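The block underneath contains the structure these notes are about, expressed in structure tokens.
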Amino acid sequence: MKKLIPDVGVCSIAFKDRSAREALQAIANTGADSVELWGQPPHLLFPIDVDWCQRLRQEAEELSLRFCALGSYYRPGAHPTYSGHEVTKENQLVAAQALGASILRIWP
């Protein structure tokens, strides 16, 4: 049967005071279908850990959620850092791929 309404998504920044896992649980409790992961600690860890991102993806799937986007803080020409590690387009693409996110949101 064709779904009549689009997916409902929540950006995990709405739960920025919680861990990524706690945010996923809270988002699942809202009945949402998808998540835009907030691209800052504690929701995205630096340096980027592919295994951790893949485990987070698996946990989301167990909650019937999918990552629709990574809300990156990559800014062309800027050099933001978290935990001493620069946000680059390369590490953000790696994280988005590991999460299974088809969209990488960046700041112009």
Side-chain angles (χ1 to χ4, degrees):
M1 174 181 273
K2 185 176 178 182
K3 196 172 183 180
L4 298 178
I5 60 170
D7 284 353
V8 174
V10 174
C11 184
S12 70
I13 195 172
F15 302 98
K16 68 181 182 178
D17 60 330
R18 301 180 189 183
S19 72
R21 289 181 174 103
E22 292 170 331
L24 288 177
Q25 184 63 59
I27 292 167
N29 290 343
T30 71
D33 303 297
S34 59
V35 177
E36 176 182 323
L37 187 71
W38 181 40
Q40 290 189 24
H43 292 190
L44 184 63
L45 304 181
F46 288 83
I48 300 300
D49 180 336
V50 171
D51 290 334
W52 183 84
C53 288
Q54 290 173 336
R55 284 192 307 276
L56 196 61
R57 177 183 182 176
Q58 182 177 10
E59 290 178 27
E61 290 171 355
E62 289 169 3
L63 293 167
S64 298
L65 294 170
R66 68 177 181 83
F67 287 105
C68 59
L70 171 58
S72 173
Y73 281 78
Y74 170 69
R75 294 177 178 93
H79 305 282
T81 60
Y82 299 103
S83 304
H85 297 272
E86 186 174 347
V87 178
T88 66
K89 65 182 174 188
E90 292 82 10
N91 65 27
Q92 297 301 280
L93 286 168
V94 165
Q97 183 177 18
L99 291 166
S102 59
I103 297 171
L104 176 61
R105 182 184 47 74
I106 64 170
W107 293 88

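Residues take their numbers from the sequence shown, with the count starting at 1. All of these numbers come straight from a predicted model, not from anything done at the bench.
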If you define the side chain from C-beta out and look only at heavy atoms, does anything of [X] sit under 4.5 Å from [Y]?
X: Leu99; Y: Gln54; result: no
X: Leu44; Y: Cys53; result: yes
X: Val10; Y: Val35; result: no
X: Asp33; Y: Arg66; result: no

Parallel, tilted or perpendicular: rings of His43 and Trp38 (30°, 60°):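 Trp38 vs His43 ring planes: perpendicular.
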Measuring from [X]:[atom1] to [Y]:[atom2], what's the distance to the nearest 0.5 Å?
X: Phe46; Y: Gln40; atom1: CZ; atom2: CD; answer: 8.0 Å
X: Leu70; Y: Arg105; atom1: CG; atom2: CZ; answer: 8.0 Å
X: Tyr73; Y: Arg75; atom1: OH; atom2: CZ; answer: 7.5 Å
X: Arg55; Y: Arg57; atom1: CZ; atom2: CZ; answer: 14.0 Å
X: Glu36; Y: Ile27; atom1: CD; atom2: CD1; answer: 10.0 Å
X: Leu56; Y: Glu61; atom1: CG; atom2: CD; answer: 10.5 Å

Step-by-step side-chain contact (heavy atoms from CB on, under 4.5 Å) determination, Gln92 to Ile48: CA-CA 8 Å; Gln92 297 301 280; Ile48 300 300; 4.0 Å; yes
Measure from the side-chain N and O atoms of [X] to the backbone N and O of [Y], and report whether any donor-acceptor pair falls under 3.5 Å.
X: Thr81; Y: Gly84; value: no
X: Ser34; Y: Cys68; value: no
X: Ser72; Y: Tyr74; value: yes
X: Asn91; Y: Glu86; value: yes
X: Glu22; Y: Ser19; value: yes

Leu65 to Leu24 - nearest heavy-atom pair and separation: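 Between these two residues, the closest heavy atoms are CD1-O, 3.5 Å.
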Which atom of Asp49 lies closest to which atom of Asp51, heavy atoms considered: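 Taking every non-hydrogen atom into account, OD1-N, 3.0 Å.
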More than 12 heavy atoms from other groups under 6.0 Å of CH2 on Trp107: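 Not buried by this count: 12 neighbours or fewer within 6.0 Å.
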NZ/NE/NH1/NH2 to OD/OE distance under 4.0 Å, Glu59 and Arg21: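 Salt bridge: yes.
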Linked, directly or transitively: Val50 and Leu104 (ILVMFWY side chains, under 4.5 Å):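 Yes, it is one cluster - the side chains of Val50 and Leu104 are joined through contacts under 4.5 Å.
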Hydrophobic cluster membership, Ile103 vs Ile13, 4.5 Å side-chain cutoff: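 Ile103 and Ile13: separate clusters.
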Pairing residues for Gln97 by the side chain to side chain donor-acceptor pair (under 3.5 Å) criterion, not counting sequence neighbours: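 Gln97 satisfies side chain to side chain donor-acceptor pair (under 3.5 Å) with no residue once adjacent residues are dropped.
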With Arg18 via side chain to side chain donor-acceptor pair (under 3.5 Å) - residues at least two apart: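 Result, side chain to side chain donor-acceptor pair (under 3.5 Å) vs Arg18: none returned.
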